Amino acid sequence: MRDLSLHILDLLENAVRAGATTLRVCVAEDRGRDRLELAVEDDGPGLGVAPERAADPFFTTGQKRVGLGLSLFRQAALDAGGDFRIETSELGGTAVRASLQLSHVDRKPLGDLASSLLPIACTHPEAELQCILRMPGEEH
């Protein structure tokens, strides 16, 4: 995927498909620490498998033969000098967290986050979509 917002969209689509009704996206930029933190959380049923299994490109819970979304996002984080975690969300479902080096030459651009969130908001009006942006000196 060419930008990070498309990874976020993929995670949101998977969460809705799994039955989540509350979705939270958090994007935090910390220039002092040279970090870009991304988190996607939901209140769905959880993964049902170990996190390392879920990030395996040859594992999927869907109808496809491969599940590349998590593994590609993990690789994008690692390529940018960061880390990647899958854990239980405080919402009760799954939380996917990535931390990337903000100035790393291989960090993909964030992209158009609003345009990536729009399909979820428009096609799943029953879902509560929360978006938290933390940029230097401001929070939205």
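Treat the numbers as computed from the prediction; the structure is a model and nothing was measured.
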[atom1]-[atom2] distance between [X] and [Y], expressed to the nearest 0.5 angstrom:
{"X": "Leu38", "Y": "Leu100", "atom1": "CG", "atom2": "CG", "answer": "6.0 Å"}
{"X": "Asp106", "Y": "Leu78", "atom1": "CG", "atom2": "CG", "answer": "12.0 Å"}
{"X": "Leu129", "Y": "Thr21", "atom1": "CG", "atom2": "OG1", "answer": "12.0 Å"}
{"X": "Leu102", "Y": "Glu37", "atom1": "CG", "atom2": "CD", "answer": "10.0 Å"}

So, do [X] and [Y] sit near enough that their side-chain heavy atoms are less than 4.5 Å apart?
{"X": "Leu11", "Y": "Leu70", "value": "yes"}
{"X": "Asp83", "Y": "Ser99", "value": "yes"}
{"X": "Val27", "Y": "Arg134", "value": "no"}
{"X": "Thr123", "Y": "Val16", "value": "no"}

Full working for side-chain contact (heavy atoms from CB on, under 4.5 Å) between Ile120 and Leu9: CA-CA 8 Å; Ile120 298 296; Leu9 173 60; 3.8 Å; yes
Shared hydrophobic cluster for Ile86 and Leu4 (ILVMFWY, side-chain gaps under 4.5 Å): yes
Connected via hydrophobic side-chain network under 4.5 Å: Val40 and Leu118: no
Residues that [X] engages under side-chain contact (heavy atoms from CB on, under 4.5 Å), provided they are two or more places apart:
{"X": "Gln130", "answer": "Thr22, Arg24, Glu128"}
{"X": "Ser103", "answer": "Asp34, Gln101"}
{"X": "Ala18", "answer": "Pro45"}
{"X": "Ala20", "answer": "Ala15, Leu23, Asp42, Asp43"}

Under the side-chain hydrogen bond (donor to acceptor under 3.5 Å, both in side chains) test, residues paired with Ser116 that sit two or more places apart: Ser5
All salt bridge (Lys or Arg N to Asp or Glu O under 4.0 Å) counterparts of Arg97, not counting sequence neighbours: Glu41, Glu87
Pairing residues for Asp112 by the salt bridge (Lys or Arg N to Asp or Glu O under 4.0 Å) criterion, not counting sequence neighbours: none
Smallest separation among heavy atoms of Cys131 and Leu113, with atom names: SG-CD2, 4.2 Å
Heavy atoms of other groups near Arg31 CZ, more than 12 under 6.0 Å: no
Expected output: side-chain His124 to main-chain Glu126 donor-acceptor under 3.5 Å: no
Side-chain donor/acceptor of Asp3 to backbone N/O of Leu6, under 3.5 Å: yes
Full working for salt bridge (Lys or Arg N to Asp or Glu O under 4.0 Å) between Glu29 and Arg33: CA-CA 9 Å; Glu29 181 181 294; Arg33 290 181 40 238; over 6 Å; no
Ring pair (Phe, Tyr, Trp, His ring centres under 6.0 Å) contacts touching residues 3-23 (sequence neighbours left out): His7-Phe73
Steps toward side-chain contact (heavy atoms from CB on, under 4.5 Å) verdict (Ile132, Val25): CA-CA 6 Å; Ile132 301 165; Val25 175; over 6 Å; no
